[in-house]
Amino acid sequence: MPVVARQKTLGTFFTMPPGAKAPPPQQSNLHEMWRKRSSKPKDASTGENAAQDVDLAGRTEGKPRRRKQRTTSSPVGASSPPVSQDDDRTEPGPSTTGGRAKRRRIIDSDDEGEPLPSAMPTDEPIEEEEEFLISDTEEGSAAITNAQLAMSKTVDVDVDGGWKVGESIPYAALTHVFGMIEATSKRLEITALLTSFLLLVIKRSKEGDTDSLRQAVYLCINRLCPDYKGLELGIGESLLQKAIAESTGRKLEAIKADLKEVGDLGLVAINSKNSQRTLFKPKPLTVSFVFTQLTEIAMTSGNASQNKKIQIVTKLLAACKATSQEAKYIIRSLEGKLRIGLAERTLIVSLAHAIVLSENEKGGNKWNKETLAQKLEEGANIVKSVYSELPSYDHVIPALLRGGIQGLRADCKLSPGIPLKPMLAKPTKAIGEVLDRFEGKRFTCEYKYDGERAQVHKTEGGELSVFSRNSEDMSAKYPDIFEQLPKAIKDGTTTFVLDCEAVAIDRTTMRLLPFQELSRRKRKDVKVEDIKVWVCLFAFDLLYLNGEPLLHRSLVDRRELLRKHFAEVTGGVHVAKASDGETTDEIQAFLEESVKDGCEGLMVKMLDTDASFYEPSRRSINWLKLKKDYLNGVGDSFDLVVVGGYHGKGKRTAVYGAFLLACYDPDKEILKTHAETLKDLEVAKCRADVDTGGAKPDVWFEPKIVWEVLAADLSLSPIYSAAKGLVEARGISLRFPRFIRMRDDKNADDATGPEQIAEMYQRQSLANKGGKKSKIEDDFW
DNA sequence: CCGGACTGCACC
DNA sequence: GTTCGGT
DNA sequence: ACCGAACGTGCAGTCCGG
Ligand SMILES: Nc1ncnc2c1ncn2[C@@H]1O[C@H](COP(=O)(O)O)[C@@H](O)[C@H]1O
């Protein structure tokens, strides 16, 4: 069926102005200028960074903070490439060992006590090979080869003699493995380490015990349950600082200072540990206990809940062995970032490998090398695939322990009511790139709507749910969807899973609204009668229908089923606008049309063959996205002055993590920034103090360096003040800013001015309002 | 009891 | 959402 | 090609002072 749209009445779908999109987005990153200690700037290549925006005035004072690196900021680098620091050793700090030790473990002290074989205490870099033992060393050499790693040869990961079958897993055993994982950046090695640990867990679990493995797995990926259940810790950096202060008897201020220096609360916890240690030996922590306590923290809410949470954390910290890294990982788990270079994807592979290896052992290790290698790979693929269809360890782990890899598929299937992993898209720099990749294949281009992903399910019981891109249950946010969708469900359509984009719409003009409008909607307990900004659903895929998964059907088929089983509800539910045109000109024209209609660009998808199946696990990125700002020299770019900097965290400790950029207002002879920060206030109020608030960068710079920055869009911001008053009371900020290059040839007063920014904002806004309205074709379906 | 500050969670 | 660095 | 880690804002829950 023709997808083409024809004009129709109300349809304007296009949206609106884009104007604003989200808040100033995040900035991207930047790069920092150099690292600290190095006397020599190694420089590197490009850096990048991002921009935020900023404020006004020209006055900038720089704060003296860390002079160390700051020195640099300037010019030097400038002239040369911006530097990225890469050296890895960029270590942070001063003396501290700060940031994560990268390649080799620097681990320090804390670990020393451990009986690890290799243990050497000092900071000496340790070669990895010495760090652990290969248990079955057959090859003469002790070195771990990639081939061995790829096969997940097991490695000795026990500490303190390990634990016995049926006993609870010591938490120290887990954190010991975390430490080993953190000490390397080699993926194969990480996989092997984790596999070895999980295999131990499996072998030492009693028959029928699925909790041990399940809890260990959850702690490894730092979660408590599937995301759609919505259980959250409700604790973060600040509460943790209080807890650390409380448990060590140190002052909150001291903790904060350490954090700034070291960039990682986990390390702060470990380093501050001794001051107040009680003498009696606490009972050692177990994986199960830690998991239970974390869950407890997550479940406490309401009055005085923060104190209760802090108490639990304090209790956990007190139970950590002083010589271990337990405290570090307890804290990082609570912060939600383990930062050991291990995340879900790697865990899935390790889990699959551990299961396969345990099956092999049960069978008497009969598989030869080749067979084993092949079973490992196949196992990983099966687990990945099954997990992507039913992303719940609560289901998958018991099933694996029960029926092994072979039984998994039958046991765990896509089922409405439980979100599946979404297909993702990869950026494309030119239309030519799209053609290259899809050469000779049939493909389609669809509008890339600017809203939020909405995976809509209808279960057998008739219940509707909406899940986000990250599998969170958003049902409470969209009563409007529940009101409209039933009208779109044709007779005979019982159960289904739709993949859609939910976009804000103005129901009187039928125009699509910018993402920013959607993001400002209420999120919880929304009642239809209170809704001011309505949502329109644009369906682009159908993953399940009437009891049958469609994941292994071609996109053409799925799309046809979608059109056949659903009907359009004007302004409420539509199918994504598509064009199957395949020439550069057609694509180019459709891209422009999409932008005019208020979309971000296009999504390009293969139509036939198994390459068009909905299998997020096969290739994490299967679709292509084409946006104007990706195209060379096409997006809106700005030349802005760097006026402020924010200290980076984690890996970026000791370097700037973000920058505040300003545009230049010649009339006022001052820099008007995108951000209204302190400075802005200061000016208004005279030079009062600076501590107002959050928008304040950690450091101010002399306005001198100019960077060219590219943005996807402009948005209105309550914080930043660039071009404030020219378009609206709010200032304008950039969406998805990224550093393009240094403009050595420009001075602060050559920077982009507020009127230019205001003009661009108007232009983008107009683009959508203007034209004819696009319409929604009803008979399309 | 109210409103602001502060923090965490969710998304692009 | 974008980008980078490491494998 | 993949994975993990940096990066930012707006709503909502809790705390806290008036
Ligand atoms: N027609 C479409 N097909 C697929 N995704 C779309 C479409 N329109 C909008 N999107 C959104 O675009 C997102 C992918 O783009 P990005 O997040 O930039 O990689 C998806 O998560 C969807 O929410």
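Worth saying up front: this structure is predicted, and the values here are computed from it rather than measured. Below, read A as the first sequence line, B as the second, and so on, with proteins coming before strands; counting in each chain starts at 1.
Proximity of A/Y646 to the phosphate of D/dG8: no side-chain N or O atom is located under 4.0 Å from OP1 or OP2. For the pair A/S519 and D/dG10, the criterion of a side-chain N or O lying under 4.0 Å from OP1 or OP2 is not met. Using a 4.0 Å cut-off, no side-chain N or O of A/K477 falls inside it from OP1 or OP2 of B/dC11. A sub-4.0 Å separation between OP1 or OP2 of D/dG13 and a side-chain N or O of A/S305 is absent. Residue A/N303 places at least one side-chain N or O under 4.0 Å from the OP1 or OP2 atom of D/dC15. Between A/S301 and the phosphate of D/dG13, there is no side-chain N or O to OP1/OP2 separation shorter than 4.0 Å. Taking 4.0 angstrom as the limit, A/K649 places none of its side-chain polar atoms (N or O) nearer than this to OP1 or OP2 of D/dA5. A/R738 has no side-chain polar atom (N or O) that falls below the 4.0 Å cut-off from OP1 or OP2 of D/dC7. A close approach under 4.0 Å does occur between a side-chain nitrogen or oxygen of A/K625 and OP1 or OP2 of C/dT2. In terms of phosphate contacts, A/T346 brings no side-chain nitrogen or oxygen within less than 4.0 Å of OP1 or OP2 of D/dC3.
Considering every non-hydrogen atom in both A/L267 and A/R332, the closest pair reads CG-NH2, 4.3 Å.
The interatomic distance linking A/I348 (CD1) with D/dG4 (P) rounds to 10 Å, in whole Å. The interatomic distance linking A/E232 (CD) with B/dG8 (P) rounds to 13 Å, in whole Å. In this structure, A/F739 places its CZ atom 17 Å from C1' of D/dA6, rounding to the nearest Å. One interatomic measurement links the two molecules: CE of A/M474 to C1' of B/dC12, which rounds to 13 Å at whole-angstrom precision. Straight-line distance from the NZ atom of A/K524 to the C1' atom of B/dA10: 9 Å, rounded to whole Å. Rounded to an integer number of Å, the gap from A/I190 CD1 to D/dA5 C1' is 12 Å.
Here the side chain of A/E452 is nearest to one of B/dC11, D/dC2, D/dC11, namely B/dC11. The side chain of A/E600 approaches C/dG1 more closely than any other nucleotide in the set C/dG1, D/dC15, B/dG8. The side chain of A/R619 lies closest to D/dC2, out of D/dG10, D/dC2, C/dT2. Checking D/dG10, D/dC7, B/dG8 against the side-chain heavy atoms of A/A658 singles out D/dC7 as nearest. Closest to the side chain of A/K186, from the set D/dG4, C/dT7, D/dC7, is C/dT7.
Within the 4.0 angstrom heavy-atom criterion, no nucleotide atom of any strand lies near A/K242. At the heavy-atom level, A/R523 lies under 4.0 Å from base atoms of the strands shown. A/A712 comes within contact range of no nucleotide atom at all, as no heavy-atom separation falls under 4.0 Å. Contacts of A/G451 with the nucleic acid, taken as non-hydrogen atoms under 4.0 Å apart, involve only primed sugar atoms and P, OP1 or OP2. Among the heavy atoms of the strands, none lies under 4.0 Å from A/L518. Note on A/R437: only backbone sugar-phosphate atoms sit closer than 4.0 angstrom, heavy atoms only; bases stay farther off. Looking at heavy-atom distances under 4.0 Å, A/K426 makes contact with sugar-phosphate atoms alone, never a base.
Between the side chains of A/Y387 and A/E344, at least one donor-acceptor pair of N or O atoms lies under 3.5 Å. With 3.5 Å as the limit, one finds a donor-acceptor pair spanning the side chains of A/S475 and A/D473.
The pair A/R735-A/D629 fails the salt-bridge criterion, with no side-chain N (NZ, NE, NH1 or NH2) lying under 4.0 Å from an Asp/Glu carboxylate O. Taking 4.0 Å as the cut-off between side-chain N and carboxylate O, A/R453 and A/D499 count as a salt-bridged pair. A/K649 and A/E335 are not joined by a salt bridge, as no carboxylate oxygen comes within less than 4.0 angstrom of a charged side-chain nitrogen. Salt bridge present: A/K328 and A/E182 bring a charged side-chain N and a carboxylate O closer than 4.0 Å.
Of the two residues contacting DNA chain D, namely A/D525 and A/L342, the nearest-nucleotide position lying further toward the 5' end is that of A/L342. Taking for each of A/R521 and A/V349 the nucleotide of DNA chain D with the nearest heavy atom, the 5'-most of the two is the partner of A/V349.
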